[in-house]
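This report refers to the structure that appears directly beneath it.
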Number of protein chains: 4
Amino acid sequence: MPESVGARQAQAQRTRGAVLAAAAAAFVDQGVQAPIRDIAERAGVGVGTIYRHFPTRADLVTAVYRHQIDTCAALAPRLLAESADPFTALAGWADAFVDFLVTKHGLGAALGSDDPGLANLHALMLDTLVPACATLLDACAADGDLAPGIAAYPLLRAIGNLCITGPDYDRADARRMVAVLLAGCRRTA
Amino acid sequence: MPESVGARQAQAQRTRGAVLAAAAAAFVDQGVQAPIRDIAERAGVGVGTIYRHFPTRADLVTAVYRHQIDTCAALAPRLLAESADPFTALAGWADAFVDFLVTKHGLGAALGSDDPGLANLHALMLDTLVPACATLLDACAADGDLAPGIAAYPLLRAIGNLCITGPDYDRADARRMVAVLLAGCRRTA
Amino acid sequence: MPESVGARQAQAQRTRGAVLAAAAAAFVDQGVQAPIRDIAERAGVGVGTIYRHFPTRADLVTAVYRHQIDTCAALAPRLLAESADPFTALAGWADAFVDFLVTKHGLGAALGSDDPGLANLHALMLDTLVPACATLLDACAADGDLAPGIAAYPLLRAIGNLCITGPDYDRADARRMVAVLLAGCRRTA
Amino acid sequence: MPESVGARQAQAQRTRGAVLAAAAAAFVDQGVQAPIRDIAERAGVGVGTIYRHFPTRADLVTAVYRHQIDTCAALAPRLLAESADPFTALAGWADAFVDFLVTKHGLGAALGSDDPGLANLHALMLDTLVPACATLLDACAADGDLAPGIAAYPLLRAIGNLCITGPDYDRADARRMVAVLLAGCRRTA
DNA sequence: GATGAATGAGAATTCATTCAT
DNA sequence: CATGAATGAATTCTCATTCAT
């Protein structure tokens with residue numbers, strides 16, 4: 001009965017999606033350490049279901065952010081093609097990254113954490129965002145527009161850290177300070 | 001018996017000092033979330049003693065860092081007096097702040113956290129570090145050396161965030177990115 | 001469509017066989033408490049299938065060992081016919097029983113357990129092994145070769161218990177101690 | 001205030017004793033795998049108290065049986081001195097051991113288990129019961145009363161296994177089968 | 001008949017916090 | 001004032017069992 005199997009798999013995918021949405025919401029409210037039980041309740045599923053789909057917390061965290069990380073990475077070449085100059089592209093990309101990070105409250109902290117269980121997430125960032133950012137930096141450098149000693153990975157980590165917001169330091173502050181950081185990356189003429 | 005009262009108070013002060021030292025060491029090793037029991041063991045006291053001196057964890061965290069925060073704040077006017085120009089003083093002060101933050105593993109995260117229990121620490125920062133930093137910024141601005149829109153509080157938060165280190169982003173990276181941030185604060189000629 | 005019914009039944013039998021084989025293997029590796037899911041995976045079937053064929057774990061345990069218990073029971077009359085004297089037959093049969101038990105890691109413990117769910121297994125033993133053993137004991141008694149007060153059931157339970165092995169007490173030890181037990185069963189001249 | 005400290009320690013000892021008694025009772029009813037929570041409830045304490053006194057289950061199991069194991073071991077030299085011949089002493093000691101084991105339902109199984117967490121218990125047995133039993137066996141051997149190839153450790157394991165009782169195999173059966181085993185240990189004249 | 005996704009009860013373990021001494 | 005035993009809520013994780021397809 002292929003229809004039944006397909007229906008069941010479709011249902012499982014829907015459940016998986018509900019879990020991811022619930023986890024994303026929980027991460028915004030409580031950070032990536034949100035109790036599994038809370039996520040299960042938000043998703044309207046049992047805890048066992050979470051464990052079935054995502055055996056470890058790191059699996060869940062990674063899955064939650066993977067799509068958006070990929071989207072963010074894909075933005076880089078597009079901006080590079082569309083922008084007047086590479087540095088403008090870099091600035092635009094950083095803005096998008098900041099929006100991503102401050103919306104997903106807690107991801108900045110997750111990226112900054114040295115929790116070994118989050119190694120997946122680091123790897124994901126290394127594999128997708130670092131190359132994307134490096135492309136932009138290389139273009140800026142080729143343009144003679146980049147101060148020396150700016151590497152993609154620390155820059156991303158720095159932007160990530162700058163996006164750890166709180167009651168007295170909000171998205172606008174994060175954007176401003178990232179802009180300042182990027183200004184510091186620009187070669188002084 | 002005034003002497004016994006004095007002796008008792010002196011003993012209490014010594015106990016308090018031992019707890020602060022133990023907590024500082026525990027925070028370096030385990031972050032500001034170190035279990036109270038571990039701190040008590042390091043200090044050679046019972047957990048009840050810690051609760052007597054510091055009813056909440058935030059009280060303890062604040063007390064641990066207060067002295068060093070004060071020292072850091074006091075550095076600002078000295079550097080301003082000694083340095084060739086205000087921006088050099090600002091850079092030197094930032095360096096000292098970075099050293100302070102990365103040595104006290106976890107303080108950066110504590111400053112960046114919006115845990116309501118850490119409001120004391122934020123207040124402390126507001127009361128001492130922000131004015132100190134503002135003095136430096138004002139001097140830079142008076143010198144025409146500061147880009148517009150740089151406020152003391154967000155700058156401190158930004159530096160604090162940049163000092164959240166990890167296995168792939170260490171003290172040297174933090175120093176570098178703070179230097180880049182400061183470069184971005186400088187008015188372009 | 002009688003053929004399809006037959007085919008379905010044949011398929012069901014094959015499934016049942018696969019489950020039994022998988023369960024036997026799992027019991028060797030993990031004991032009779034092996035997770036149902038593990039058994040299902042080994043068998044390449046869903047857990048529901050196991051529950052359909054064997055509603056309780058005891059049903060599965062019993063089914064797994066039934067054939068081998070029957071084989072063991074059938075050995076008794078054969079040995080009695082072939083051996084020089086009844087006591088030799090008894091010793092040979094005990095050896096075979098020991099081999100059976102220690103190979104089926106966990107069965108000894110299952111026989112010794114008073115888990116009410118394993119009542120089936122006890123009943124099975126009572127129905128097949130006890131008569132087989134009793135035949136041998138009767139023959140020994142008729143030969144004047146058996147100490148008084150040796151009953152089949154406790155003897156089997158004793159042998160079963162002696163076959164509960166571990167890291168410091170292995171199959172060889174079990175064989176030795178069963179031999180000692182049988183020596184104690186022999187009438188002293 | 002030495003009195004206060006002494007009182008608190010005395011209270012802690014009483015708690016510890018209550019936990020041991022509750023654990024012993026729980027082990028009789030449910031085996032050594034009894035849930036910690038059940039033991040805590042029987043003892044009228046919180047689960048944390050159990051963990052404070054006995055960090056691992058093995059610690060608890062060991063503590064529960066240590067005293068009785070010591071008592072049992074101490075019985076050996078006494079019986080040897082009082083009995084007419086060494087083999088009588090051995091038989092008497094085995095009787096006492098059987099009483100101990102069947103009363104402490106579950107210890108036989110614990111001794112037979114290869115759970116690595118119960119290594120302590122095995123070590124305890126090795127350190128105290130094996131030497132005690134070996135003394136008796138040596139005396140029997142010196143008397144020319146012992147069949148060859150009987151070692152203390154496997155013999156103890158065997159007796160332990162024979163004492164795993166159940167609904168159809170009770171203390172009387174265990175005693176009988178141990179007696180048969182010992183008869184098998186005696187040198188045939 | 002077969003499947004396996006979903007459920008949720010149950011067990012272990014940790015630690016902040018209280019309070020009698 | 002200091003102590004640390006006791007408490008129990010909170011959290012993670014596992015697995016037997018059910019049931020819609």
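Sequence lines set the chain letters: A, B, ... in the order given, protein chains first and strands last, and positions in each chain run from 1. Bear in mind that the values here come from a model prediction, so they are computed numbers and not experimental data.
At the phosphate of E/dA5, neither OP1 nor OP2 sits under 4.0 Å from any side-chain N or O atom of A/T49. In terms of phosphate contacts, B/T15 brings a side-chain nitrogen or oxygen within less than 4.0 Å of OP1 or OP2 of F/dA2. Between D/R37 and E/dG10, a side-chain N or O to OP1/OP2 separation shorter than 4.0 Å is absent.
Here the P atom of nucleotide F/dG4 and the CD1 atom of B/I36 are 16 Å apart, to the nearest Å. Whole-Å rounding puts the B/D59 CG to E/dA16 C1' distance at 15 Å. The interatomic distance linking B/I39 (CD1) with F/dA2 (P) rounds to 17 Å, in whole Å. Straight-line distance from the CD atom of C/Q33 to the P atom of E/dA11: 14 Å, rounded to whole Å. Atom CD1 in C/I50 sits about 12 Å away from atom C1' in E/dG4, given to the nearest Å. As rounded to whole Å, 12 Å separates atom P of F/dA16 from atom CG of C/L60. Rounded to an integer number of Å, the gap from CD of A/E41 to P of F/dA10 is 12 Å. For the pair D/R14 CZ and E/dA20 P, the interatomic distance rounds to 16 Å; values are reported in whole Å.
Judged by closest nucleotide on DNA chain E, A/G46 is the one of D/A34 and A/G46 placed further toward the 5' end. Of the two residues contacting DNA chain F, namely A/P35 and B/G48, the nearest-nucleotide position lying further toward the 5' end is that of B/G48. Nearest-nucleotide positions on DNA chain E place A/A12 closer to the 5' end than the other of D/P55 and A/A12.
For C/T15, the side-chain hydrogen bond (donor to acceptor under 3.5 Å, both in side chains) partners two or more places apart in sequence, or in a different chain, are C/Q11.
The backbone N or O of C/T56 lies less than 3.5 Å from a partner atom in the side chain of C/D59, making a donor-acceptor pair. Side chain of C/R42 to main chain of C/A21: no donor-acceptor pair is present (N/O by atom type, distance under 3.5 Å, no hydrogens or angles). With hydrogens and angles disregarded, a donor-acceptor distance shorter than 3.5 Å links the side chain of B/R57 to the backbone of B/V32.
Of all the heavy atoms in D/A22 and D/I39, the pair that sits closest is CB-O, 3.6 Å. Counting all heavy atoms, side chain and backbone alike, B/G160 lies closest to B/L101 at CA-CD1, 3.6 Å.
Side-chain proximity of D/R8 to the nucleotides F/dT11, F/dA5, F/dA16 is greatest for F/dA5. Of the candidate nucleotides F/dA6, E/dA6, E/dA20, E/dA6 has the atom lying nearest to any side-chain atom of A/H53. Distances were taken from every side-chain heavy atom of C/V47 (C-beta onward) to each of E/dA5, F/dT12, E/dT17; the shortest belongs to E/dA5. Here the side chain of B/Y51 is nearest to one of E/dA6, E/dT18, F/dT12, namely E/dT18. Residue A/R52 places its side chain closer to E/dA5 than to any other of E/dT14, E/dA2, E/dA5.
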Secondary-structure string, 5' to 3', Watson-Crick or G-U under 3.5 Å, | for another-strand partners, for DNA chain F:
.||||||||||||||||||||

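Put simply, the side chain of A/R57 and the base of F/dT12 share no donor and acceptor less than 3.5 Å apart.
Residues A/F54 and A/T62 form no side-chain contact, since every pair of their non-hydrogen atoms from C-beta on lies 4.5 Å or further apart.
Every pair passing side chain to side chain donor-acceptor pair (under 3.5 Å) that includes a residue from residues 32-41 of chain A is listed here, sequence neighbours excluded: A/Q30-A/D38.
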